[in-house]
Amino acid sequence: MADFLTLDDIAVADKTVLVRLDLNVPMQNGQITDMTRIAKSLPTVRELAGKKAKVVILSHLGRPRGVDASLTLKPVAQAVAGQLGTPCTFVPATIGATAQAAVQAMQPGDVLMLENVRFHAEEEANAPAFAKTLAALGDIYVNDAFSTAHRAHASTEGLAHHLPAVAGRLMQAELQALAQALTTPERPVLAIVGGSKVSSKIDLLNNLVTKVDAVAIGGGMA
């Protein structure tokens, strides 16, 4: 049995579920150039909508400093709708009256995406008041953004202090694979670590070298 809760542990029908996804997709001239992150995020969205939850998607795009029209999630919402085959309503706000009204108007099975959470400096600061305001929009929190879960931001860590919190299917799969690789692996084990900043990975690397047989470093770190 997993030592974390998943979608199997909650009843979501008629509930408003805030789902944190990592939809930080590569963009060029306003067009998405790689749909991988969207495709991998959809099983959780489909499952929740199929169980008649009201699905409110939270995500970031890029590293905006305040509102930046070039980093709006609107084209991402359109891509999600295209991949789902059902509407994904885009709301040009993350919090406030516009966001509240859009969420309140949802019906069971609806999917909605709020604007880039990083348009608010309070997101990366993990400001408790901002997390509380986000939490007021929903009944349940689902974190399915494994690739951003190492950052203690309002929508990745703060929300879990205000709502019942579980892992989505992508997060569940990643955690189970990681546990298997680090606790009961088939040896030899090679860890491949990429990224641009070695400073943010040094603790991870120090931990990994005690558990694996070899480490390969790529990306900017190399």
Side-chain angles (χ1 to χ4, degrees), residues 12 14-25 27 30 32 37-38 40-42 44-49 53-84 86-145 147-149 151 153-166 168 170-171:
V12 299
D14 298 321
K15 301 291 187 181
T16 301
V17 182
L18 304 184
V19 186
R20 179 54 159 100
L21 303 178
D22 181 4
L23 302 178
N24 186 28
V25 293
M27 305 277 290
I32 299 170
R37 285 185 173 178
I38 292 174
K40 288 190 172 184
S41 297
L42 293 188
T44 290
V45 175
R46 284 197 182 98
E47 180 174 343
L48 288 168
K54 303 170 187 176
V55 184
V56 178
I57 298 172
L58 303 172
S59 187
H60 75 280
L61 184 63
R63 296 180 177 273
R65 292 294 176 258
V67 177
D68 183 341
S70 70
L71 294 174
T72 177
L73 282 173
K74 185 174 182 179
V76 180
Q78 293 169 341
V80 167
Q83 294 281 306
L84 279 176
T86 58
C88 175
T89 302
F90 173 70
V91 181
T94 311
I95 57 174
T98 299
Q100 291 168 356
V103 171
Q104 288 170 1
M106 295 178 76
Q107 298 298 313
D110 284 354
V111 179
L112 174 153
M113 186 181 297
L114 298 177
E115 184 57 284
N116 193 335
V117 290
R118 287 190 181 174
F119 282 0
H120 298 266
E122 298 93 336
E123 160 67 5
E124 293 188 75
N126 199 8
F130 182 66
K132 188 174 182 179
T133 300
L134 281 176
L137 295 171
D139 304 305
I140 296 167
Y141 170 61
V142 173
N143 191 343
D144 211 26
S147 49
T148 62
R151 295 189 175 98
H153 293 172
S155 67
T156 60
E157 196 272 344
L159 273 174
H161 295 282
H162 299 283
L163 293 173
V166 304
L170 180 58
M171 175 75 80

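Here the structure is a predicted model, which means the values were calculated and not measured.
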For the atom pair [atom1] ([X]) and [atom2] ([Y]), what is the distance rounded to the nearest 0.5 Å?
X	Y	atom1	atom2	answer
Thr16	Met106	OG1	CE	6.5 Å
Lys15	Leu48	NZ	CG	13.5 Å
Phe130	Glu123	CZ	CD	5.5 Å
Asp14	Asp139	CG	CG	10.0 Å
Leu134	Leu114	CG	CG	8.0 Å
Lys54	Leu18	NZ	CG	12.5 Å

Looking at [Y], is its backbone amide N or carbonyl O close enough to the side chain of [X] to form a donor-acceptor pair, meaning the two atoms are under 3.5 Å apart?
X	Y	value
Thr156	Ala149	no
Tyr141	His161	no
Asn116	Leu61	yes
Ser59	Leu21	yes

Arg37 and Asp22 ion-paired at < 4.0 Å: yes
Ion pair check, Glu157 and Arg20, cut-off under 4.0 Å: no
Audit row: Glu122, Lys132, salt bridge (Lys or Arg N to Asp or Glu O under 4.0 Å) steps and yes/no: CA-CA 11 Å; Glu122 298 93 336; Lys132 188 174 182 179; over 6 Å; no
For the student: nearest non-hydrogen atoms of [X] and [Y], plus distance:
X	Y	value
His162	Ala135	CB-CB, 3.5 Å
Val55	Ala49	CG2-N, 3.8 Å
Gly30	Pro75	O-CB, 4.2 Å
Cys88	Met113	SG-CB, 4.0 Å
Phe90	Glu115	CZ-OE2, 3.3 Å
Thr44	Leu170	OG1-N, 4.0 Å

Criterion side chain to side chain contact (heavy atoms under 4.5 Å, CB included) on Thr89 and Asp110, from CA distance to verdict: CA-CA 8 Å; Thr89 302; Asp110 284 354; over 6 Å; no
Hey, does [Y] have a side-chain heavy atom less than 4.5 Å from the side chain of [X]?
X	Y	value
Thr72	Val67	no
Val166	Asn143	no
His153	His60	no

Side chain to side chain contact (heavy atoms under 4.5 Å, CB included) between Asn24 and Thr148, intermediate numbers included: CA-CA 10 Å; Asn24 186 28; Thr148 62; over 6 Å; no
Glu47: partners by side chain to side chain donor-acceptor pair (under 3.5 Å), with sequence neighbours left out: Lys51, Arg169
Side chain to side chain contact (heavy atoms under 4.5 Å, CB included) between Leu73 and Ile57, intermediate numbers included: CA-CA 11 Å; Leu73 282 173; Ile57 298 172; over 6 Å; no
Stepwise side chain to side chain contact (heavy atoms under 4.5 Å, CB included) check, Thr98 with Val91: CA-CA 8 Å; Thr98 299; Val91 181; 3.9 Å; yes
